[in-house]
A.B. asks: 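Questions regarding the structure given below will be posed in turn.
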Amino acid sequence: MTSADRSFIRPVALAFGLLAAAGMPAKAQDGQAIKGVVELFTSQGCSSCPPADAALKKLVDEGDVVALAYHVDYWNYLGWADTLASKENTERQYAYARMLGRNGVYTPQAILNGRDHLNGGNLQAIKTRLETMTAEGKGLAVPVEAKIEGEEIQISIGSGIGKANVVVVYFDRAKVVKMEKGENIGKEIPYWHAVRDIQTIGMWDGKPATFTLPASVLTERPGNSGCAILLQSMKDKETPGAIVGATAVLAGPQGKL
């Protein structure tokens, strides 16, 4: 890690089999191939994070990556309590640290396809690594589709090899927050795809499967809500692993990534 890299990364001490899949690549609802999943761990209280938040917004705009922002709470002591943070988001980052065999976590950290991590502010490195992962067979090999039909969200998963959890990640599409304290005091920053809940709704065993959710989980927050569907293997009961399929659906007229 170079000194330049360190200037954008804030570490914090950490106290304490990948799934092989086959099949067609995942696609967004408009038919565009999904290149990967980027999970950004960020904080409103971290002065190094705004460039990464802006990079995530570019990924959201480009529409070929499932991009999610997990706001963590361990920088709240610096004077500003992140309004989008949750302990569950922090726990997910620590679980990834265990999976990666790391001795610490940091912000801004981007987890790619549940397999690797990079500085979340380095957009070009993220794109390049996703391309490399696909070439290495570590991309999204299992097709996953989701759409709102009437009062239901219909989820379809194709065939592949192995087993995985079907994980639904609920997020708010856009929030603008003005920081009144802390390292980013006075800044008004837009945040995109901020995660507010994570639920496992079932298992996938390599065979085609369908799942149904009530559309009300999104439509009760019209125009500013969405969910990602992640097909994610587990290293153990508490430790997430590789993501082999993904898509996202939005409430309101957008209806897609």
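Only a predicted model underlies this, so the values are computations on that prediction, with no experimental measurement involved.
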A.B. asks: Quick one: which of Val169, Val66, Val167, Val166 gives a side chain to side chain contact (heavy atoms under 4.5 Å, CB included) with Ile229?
C.D. replies: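 In the set Val169, Val66, Val167, Val166, the residue that makes a side chain to side chain contact (heavy atoms under 4.5 Å, CB included) with Ile229 is Val166.
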A.B. asks: Using the rule given for side chain to side chain donor-acceptor pair (under 3.5 Å), can you reason through Asp73 versus Thr90, listing the C-alpha separation, both sets of side-chain angles and the distance that settles it, and then say yes or no?
C.D. replies: CA-CA 6 Å; Asp73 61 5; Thr90 299; 2.8 Å; yes
A.B. asks: Whether the Trp80 and Glu183 side chains hold a donor-acceptor pair (N or O, under 3.5 Å, no angle test) is what I'd like checked.
C.D. replies: no
A.B. asks: So, are Glu88 and Arg196 salt-bridged, with charged N and O less than 4.0 Å apart?
C.D. replies: no
A.B. asks: Could you check whether Asp64 pairs with Lys35 (Lys NZ or Arg NE/NH1/NH2 to Asp/Glu carboxylate O, under 4.0 Å)?
C.D. replies: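 Result for this pair is yes, salt bridge flagged.
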A.B. asks: Should we say atom NZ of Lys178 is surrounded by more than 12 heavy atoms from elsewhere, each under 6.0 Å from it?
C.D. replies: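 It does not: Lys178 NZ has 12 such atoms or fewer within range.
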A.B. asks: Quick test of your reading of the model: are Asp61 and Lys57 salt-bridged, counting only N-O distances below 4.0 Å?
C.D. replies: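 The answer is yes: the pair qualifies as a salt bridge.
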A.B. asks: Check the hydrophobic clustering (I, L, V, M, F, W, Y; side-chain heavy atoms under 4.5 Å; chains of links allowed) and say if Trp192 and Met179 are grouped together.
C.D. replies: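 Unlinked, Trp192 and Met179 end up in two clusters.
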A.B. asks: Is there a continuous path of hydrophobic side-chain contacts, each under 4.5 Å between heavy atoms, that joins Phe41 to Leu78?
C.D. replies: yes
A.B. asks: Can you confirm whether the side chains of Tyr70 and Gln93 place a donor and an acceptor under 3.5 Å from each other?
C.D. replies: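 Not at all, the side chains of Tyr70 and Gln93 share no donor-acceptor pair under 3.5 Å.
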A.B. asks: Does a salt bridge link Glu238 with Arg98, judged by any charged N lying under 4.0 Å from a carboxylate O?
C.D. replies: no
A.B. asks: Side-chain heavy atoms nearer than 4.5 Å, only ILVMFWY residues, links allowed to pass through others: does that put Val244 and Ile201 together?
C.D. replies: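 Same cluster.
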A.B. asks: Less than 4.0 Å between a side-chain N and a carboxylate O, is that true for Lys147 and Glu145?
C.D. replies: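 So Glu145 does not pair with Lys147 through a salt bridge.
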A.B. asks: Ignoring hydrogens and angles, state whether a donor on the side chain of Gln124 or Thr128 is under 3.5 Å from an acceptor on the partner side chain.
C.D. replies: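 Distance-only check passes for Gln124 and Thr128.
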A.B. asks: Ring-plane angle category for Tyr191 and His71, please: parallel below 30°, perpendicular beyond 60°, tilted otherwise.
C.D. replies: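 Correct class here is perpendicular.
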A.B. asks: With a 3.5 Å cut-off and no angle check, do the side chains of Gln109 and Tyr96 form a donor-acceptor pair?
C.D. replies: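 Judged by distance alone, the side chains do not pair up.
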A.B. asks: For the residue pair Val142 and Trp204, establish whether any side-chain heavy-atom pair is separated by less than 4.5 Å.
C.D. replies: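 The answer is yes, as the side chains (C-beta and beyond) meet within the 4.5 Å cut-off.
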A.B. asks: Going only through I, L, V, M, F, W and Y residues with side-chain contacts under 4.5 Å, is there a path from Phe171 to Ile189?
C.D. replies: no
A.B. asks: Are Leu84 and Val72 connected into the same hydrophobic cluster when the rule is that any two of I, L, V, M, F, W, Y join if their side-chain heavy atoms are below 4.5 Å apart?
C.D. replies: no
A.B. asks: Kindly indicate, with the supporting measurements, whether the criterion side-chain contact (heavy atoms from CB on, under 4.5 Å) is fulfilled by Asn184 and Gln44.
C.D. replies: CA-CA 7 Å; Asn184 291 315; Gln44 296 169 7; 5.5 Å; no
A.B. asks: Under a plain distance cut-off of 3.5 Å, with no hydrogens placed, do Gln199 and Asp197 share a side-chain donor-acceptor pair?
C.D. replies: yes
A.B. asks: Any luck finding a side-chain donor-acceptor pair between Ser216 and Glu151 under 3.5 Å?
C.D. replies: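 Checked: Ser216/Glu151 side chains show no N/O donor-acceptor pair below 3.5 Å.
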